[in-house]
Every structure is written in structure tokens, then in C-alpha cells.
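What's counted below: heavy atoms across the whole structure, side chains too, no hydrogens, waters or symmetry copies.
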Amino acid sequence: MEKIDNLDRKILHIIMRNARIPSKDVAVSCGVSRAAIHQRIQRLIELNVITGSGYRVNPKVLGYSTCTYIGVNLERAATYRDVIPEFEKIPEIVECHFTTGPYTMLIKLYARDNEHLMDLLNNKIQMIHGVTGTETLISLEQSIAREIPTNYVDE
């Protein structure tokens with residue numbers, strides 16, 4: 001991977017806090033031209049430093065009041081490749097990780113309420129071939145939500 005410099009880190013620092021900030025404002029803050037900002041951002045995308053963009057949506061406003069983490073155990077760890085496509089069919093699952101520790105996989109999902117969560121567990125997740133058990137952890141409150149630090153150093 002090509003090295004990113006302090007200007008790249010400064011740009012990332014700015015746009016991670018506000019992805020809708022105009023390029024001209026980033027350019028002024030960085031002391032470079034708008035074209036330079038555009039070129040740098042394109043390069044960061046090509047280098048896979050920036051992997052996406054979009055808006056964060058509040059699940060509660062859409063009616064999903066229960067955030068849940070579910071530890072999933074599989075019959076054999078190697079079957080995780082078969083389980084992932086089945087998880088992808090469940091739109092309430094927003095993250096899936098193949099893990100070490102007590103679970104083979106860890107998923108994050110949003111449910112409308114406990115009844116909806118129970119339906120997802122009993123009639124979808126636990127019915128997937130290869131899933132042998134689950135442990136459910138309900139998030140009571142999200143206390144921190146942030147991106148990884150850019151390690152930008154203000155000169």
C-alpha cells in the first residue's frame with residue numbers, strides 16, 4: 001500500500017467528520033487548491049483508504065428499536081462460507097464477523113422489538129443449516145460511535 005502523508009490524513013480527518021463538506025472548504029482548511037483535494041480524495045479511494053461514502057441512518061427512526069449482537073456457533077468452522085449467503089438474505093443483519101473465541105461468528109442486527117428478534121432467531125438464524133447455537137446480547141445504549149483515528153498531526 002502506498003504511504004499516505006500528513007495532507008492525506010488532514011483531508012481524512014476533515015471529511016470523516018462531515019462527508020458533505022464542500023471541497024472548497026476542505027481546500028481552504030488545508031491550504032491547497034480544490035483540484036488538489038479532489039485528486040487526493042480520488043487517490044485515497046483508489047488506494048482503498050476510503051472504502052465508501054454515504055449517510056448514517058438512525059435505525060430507531062425507521063422502527064428498529066432493538067440493537068442486538070448474536071454469537072453464532074457452527075457445526076464446523078469451515079461452513080461459515082455456506083452460512084454467510086444465508087445471513088445476507090436477512091436484511092436486519094447489518095454486520096457479520098468470522099471470529100476467534102467462544103463463537104464462530106458474531107453478527108449485529110436490528111429488530112423492531114423483542115418479538116421480531118425472537119422470530120429472527122427462531123425462524124431464520126437458527127434454521128440455517130450448520131448453525132448449532134446462538135447467544136444473544138441486546139445493546140441497551142450505544143455510547144461511542146466513531147471512525148478509526150487518522151493520526152493527523154497539526155503542524
*Report the distance from atom OG of Ser29 to atom NZ of Lys10, rounding to the nearest 0.5 Å.*
4.5 Å
*If you measure from OG1 on Thr136 to CE on Met118, what distance do you get to the nearest 0.5 Å?*
11.5 Å
*Kindly indicate whether the side chain of Ile15, heavy atoms from C-beta on, has any atom under 4.5 Å from the side chain of Ile50.*
yes
*Who else is in Val28's hydrophobic cluster (ILVMFWY, side-chain heavy atoms under 4.5 Å, direct or via others)?*
none
*Cluster question for you: counting only ILVMFWY and a side-chain heavy-atom cut-off of under 4.5 Å, with indirect links fine, are Val94 and Leu62 together?*
yes
*Find the distance between NE2 (His129) and CG (Asp82) and round it off to the nearest 0.5 Å.*
8.0 Å
_Are the side chains of Lys89 and Glu86 in contact, using a 4.5 Å heavy-atom criterion?_
yes
*Quick one: CD1 on Ile14 to CZ on Arg9, what's the gap to the nearest 0.5 Å?*
14.5 Å
_Note, Thr68 side chain near Tyr110 side chain (heavy atom, < 4.5 Å)_ = no
*Check Arg34 against Ser23 and note the closest heavy-atom contact, atom names and distance.*
CG-CB, 3.5 Å
_Quick check for you: to the nearest 0.5 Å, what is the distance between Ile11 atom CD1 and Thr150 atom OG1?_
11.0 Å
*Report yes if the side chains of Lys108 and Cys67 come closer than 4.5 Å at any heavy-atom pair, otherwise no.*
yes
*Start with the C-alpha gap between Glu135 and Tyr103, add the side-chain angles, then the distance that decides, and say whether side-chain hydrogen bond (donor to acceptor under 3.5 Å, both in side chains) holds.*
CA-CA 9 Å; Glu135 184 172 346; Tyr103 312 114; 2.7 Å; yes
*Who passes side-chain contact (heavy atoms from CB on, under 4.5 Å) against Asn18, sequence neighbours left out?*
Arg20, Ile21
_Ile144 side chain near Arg146 side chain, heavy-atom distance below 4.5 Å_ = yes
*Could you state the interatomic distance from CG (Leu44) to OG1 (Thr51), rounded to the nearest 0.5 Å?*
11.5 Å
*Connected-component partners of Leu109 among ILVMFWY, side-chain separation under 4.5 Å*: Ile70, Val72, Leu74, Tyr80, Val83, Ile84, Phe87, Ile90, Ile93, Phe98, Met105, Ile107, Leu117, Leu120, Leu121, Ile125, Ile128, Val131, Ile138
*Between Gln126 and Thr134, which heavy-atom pair has the shortest distance, and what is it?*
NE2-OG1, 2.7 Å
_Heavy-atom neighbours of Glu95 CD exceed 12 at 6.0 Å_ = yes
*Basic-acidic side-chain contact under 4.0 Å: Arg40, Asp8*: yes
*Considering all heavy atoms of both residues, which atom of Pro59 and which atom of Val57 are nearest to each other, and what is their separation?*
CD-O, 3.0 Å
*Give the minimum heavy-atom separation between Glu92 and His116, together with the two atoms involved.*
OE2-NE2, 3.2 Å
